[in-house]
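Atoms considered below: every heavy atom in the structure, side chains included; atoms not considered: hydrogens, waters and symmetry mates.
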Amino acid sequence: MKEWTREERYRVLQGPEEIRGLYDRIQKSVYRQRYHVQPITGLSSDPNGFALHKGVWHLCYQWCPWGAVHGLKYWYHVTSPDLVHWQNAGIGLKPDCYYDNRGTHSGSAISRGDDLVFFYTGNHRDEDWTRTPYTCAALLGDDGRPHKLEKPLFGPRDDHSEHQRDPKVVWNAANETYYIFIGAQTLDKRGCVMVYRSKELLSGWEYAGELKVPGYEAFGGMWECPYIVNISGRDVLIFSPQYTKLPGRGESTNHNVYFIGKMDYDTLTFTPDGPYHHLDYGFDFYAAQGAASIGDPDRAILIAWIGLPDNHYPTEEEDWEGSLSLPRELRVKDGKLIQTPLPEIKSLREAEVPADGTLPAACELEVACPDADFDLNLFTREDGEGGLRLHYDGARRVCTLDRSGMDKRFNIPVGERLEMPLERPLEKLDVFVDRCSVEIFANDGEATFTTHAYPTPREFHYTASAGVGVRVFPMRASVTDEFVV
Ligand code: FRU
């Protein structure tokens, strides 16, 4: 693994030609995906600035151009007419000001009239590496690119630690006020959300206080990427708590969870109806963000980073890593969040191929489950050994996934085996495979499991227990991967 000096990680990109060679090289990787957004070069992490504006979907990702390393972060911008077909639109935000000299960190967007407004964290660091996070804004210009405002909207508060970032902007129609939710840490290192409010989007921001979440005053050490949304009259709070292990999640200290409950904007209290839930039970799912301004009160559209902070992935050797998940629909049913693939994704299906134990590198599997315990093993060798092994235990209503059998093993210390618990008996799985990622939707969205997997040439097989019905649909490419910087 390459050791990066700070100077290398934080190098400013002077022009596209500096990364042309890297782009050409990684295009040849067998792990480049066909229908997922992935970094043009280097590393992609959190989704940012996800919104529908004048009929176009805008999405950015945290991007480090130089390689598979968390260094100087840009926003890289992609657009889509339909959330399925994506094209590269070039750099979204550049860290080229005093207040974002060490990164344009995560944030959101909102469409208002003619304007698409982006909010992000300017990650300033002094010579001695002391961090000062600023909340900044940018506007989509006529050239189709975001343009930063001259000055930040506001700086950090000293009643919280330096961890104050990831502004998520929300319009609360009831009191006609905008709110910004910021992922934060208290001075005694507890994770929390700071809330700002204003009647205007680009001025007048005042600190409203810390969001109270009764029962969760000491839950992890930092809450990254907060997102709050009302779906069918219920409030959903999603965030990524860090610096804590959670039951059943191996050694990982990075998680993505949600509550369903009631948000009171007067008292700044989010009262959960019950315990937290994992947004996804897989190994690699983090920093999820919902699209703004979609104009549908009964659903949200969510996208996440397929990856986790602190982890390392095999494509590091090829100088790139990371990708975004498929956008998924969120609904609330019987007090639970239901997550389903967008129906439009089916348009990428090619003609069904025989379920003969061969696994196409990019495909969708529709799996009908028997009323019994069963196994479904993906990326096995021809003899059925190895691979990503799924076992369903009907008595416990739990799926266990184990990736330790694959040729390319990675992130072994955080654990290679995780469980996806279900409330209902498992009847159906919808599995999306795309060269180095797997997303599993159980029982029409009751629970999901997202993971990277890097099959070697001998691993393109699968096996299933008797009674498991598998239908295989190869998938077309829908993400154009052109060199736009
Ligand atoms: C989450 C995160 C954010 C931050 C960004 C920096 O993965 O740590 O909190 O804004 O990544 O890339």
Side-chain angles (χ1 to χ4, degrees), residues 1-2 21-44 67-68 282-284 306-307 311-326 348-367 375-391 401-412 416-417 429 431-440 449-465 468 470-479 481:
M1 215 191 324
K2 177 174 160 56
L22 177 56
Y23 167 84
D24 289 341
R25 181 153 57 82
I26 69 176
Q27 286 295 308
K28 298 185 192 114
S29 167
V30 295
Y31 299 119
R32 293 297 283 175
Q33 302 195 297
R34 284 169 67 83
Y35 59 99
H36 285 77
V37 174
Q38 60 199 331
I40 173 169
T41 60
L43 175 139
S44 61
F283 298 99
D284 302 303
I306 304 187
N311 280 3
H312 295 276
Y313 297 91
T315 51
E316 273 189 26
E317 285 171 16
E318 303 175 353
D319 291 324
W320 71 282
E321 88 179 28
S323 75
L324 297 187
S325 69
L326 289 175
L348 297 182
R349 285 181 172 185
E350 291 177 359
E352 185 172 355
V353 296
D356 62 1
T358 311
L359 193 64
C363 65
E364 181 186 347
L365 304 180
E366 254 186 35
V367 182
D375 294 290
L376 173 69
N377 304 313
L378 305 176
F379 304 121
T380 64
R381 301 188 289 268
E382 203 167 0
D383 62 5
E385 295 299 317
L388 171 65
R389 304 186 82 84
L390 180 155
H391 175 74
L401 282 105
D402 185 339
R403 65 180 181 187
S404 65
M406 295 206 58
D407 284 343
K408 284 190 194 275
R409 293 172 64 184
F410 53 101
N411 295 326
I412 296 171
E416 297 175 284
R417 213 163 164 260
L429 294 169
V431 182
F432 292 87
V433 172
D434 193 2
R435 293 199 169 171
C436 67
S437 68
V438 181
E439 285 152 285
I440 302 174
F449 193 104
T450 300
T451 180
H452 274 304
Y454 300 83
T456 58
R458 65 175 187 159
E459 290 180 312
F460 285 96
H461 304 275
Y462 70 85
T463 63
S465 307
V468 179
V470 181
R471 297 182 67 188
V472 183
F473 302 89
M475 294 290 261
R476 287 188 196 94
S478 66
V479 178
D481 200 2

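The number of heavy-atom neighbours closer than 6.0 Å to CD of E350, taken from other residues, nucleotides and ligands shown, is above 12. Applying the 6.0 Å contact sphere to CD of E317 captures no more than 12 heavy atoms from other residues, nucleotides or ligands. The number of heavy atoms from other shown groups lying within 6.0 Å of CZ (R476) is above 12.
Side chains of H461 and N377 form no contact here, defined as non-hydrogen atoms less than 4.5 Å apart. Considering only heavy atoms from C-beta on, R435 stays 4.5 Å or farther from V30 through its side chain. Using a 4.5 Å cut-off on side-chain heavy atoms (C-beta onward), R34 and M475 make no contact. A 4.5 Å side-chain heavy-atom check between F410 and E316 finds every atom pair outside the cut-off. Counting heavy atoms from C-beta outward, P360 and F460 have side chains that stay 4.5 Å or more apart. By the 4.5 Å heavy-atom criterion applied to side chains, Q33 and C436 are counted as neighbours. Looking at heavy atoms from C-beta onward, D481 lies in side-chain contact with Q38 at the 4.5 angstrom threshold.
Taking CG from L401 and NE2 from H391, the interatomic distance works out to 11.0 Å, rounded to the nearest 0.5 Å. Here OG of S323 is found 10.5 Å from CG of L43. Values are rounded to the nearest 0.5 Å. Between F283 atom CZ and R417 atom CZ the span is 9.5 Å, to the nearest 0.5 Å. Atoms CG and NE2, on L324 and H36 in that order, are 9.0 Å from each other to the nearest 0.5 Å. For the atom pair CG of D434 and CD1 of I306, the computed distance is 8.5 Å after rounding to the nearest 0.5 Å.
Shown here for G322 and S44, the closest heavy-atom pair between the two residues is C-OG, 3.4 Å. Smallest separation of non-hydrogen atoms from L365 and L378: CD1-CD2, 3.7 Å. When all heavy atoms are compared, the tightest approach of A464 to L376 is CB-CD1, 3.9 Å. Between G42 and L22, the shortest heavy-atom distance links the atoms N-CD2, 4.2 Å. Nearest approach of E416 to R409, heavy atoms of both residues: OE1-NH2, 2.7 Å. When all heavy atoms of I26 and R32 are compared, the closest pair comes out as O-CG, 3.2 Å.
Note: Y35 and F432 have perpendicular aromatic rings, judged against thresholds of 30 and 60 degrees for the angle between ring planes.
For the pair R25 and W320, the cation does not sit on the ring face, since its NZ or CZ is not both under 6.0 Å from the ring centre and inside 45° of the axis.
Although no hydrogens or angles enter the test, the distance criterion places a donor-acceptor pair under 3.5 Å between the side chain of S465 and the main chain of D375. Between the side chain of N411 and the backbone N or O of H312, at least one donor-acceptor pair lies under 3.5 Å. In this structure, Y454 contributes its side chain and D407 its backbone to no donor-acceptor pair below 3.5 Å.
A donor atom on one side chain and an acceptor atom on the other are not found under 3.5 Å apart for D284 and H452. With hydrogens and angles left out, the side-chain atoms of E459 and T456 include a donor and acceptor closer than 3.5 Å.
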Can you check side-chain contact (heavy atoms from CB on, under 4.5 Å) on V431 and V438, steps first, answer last? CA-CA 7 Å; V431 182; V438 181; 3.9 Å; yes
Where do T358 and V353 land on the side-chain contact (heavy atoms from CB on, under 4.5 Å) test, with the steps shown first? CA-CA 9 Å; T358 311; V353 296; over 6 Å; no
Go through it in stages, so that I can follow the logic: the residues are F449 and L390, the test is side-chain contact (heavy atoms from CB on, under 4.5 Å), and I'd like the CA-CA distance, side-chain angles, deciding distance and then a yes or no. CA-CA 11 Å; F449 193 104; L390 180 155; over 6 Å; no
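Between E364 and the options R349, R471, E352, a side chain to side chain contact (heavy atoms under 4.5 Å, CB included) holds for only R349.
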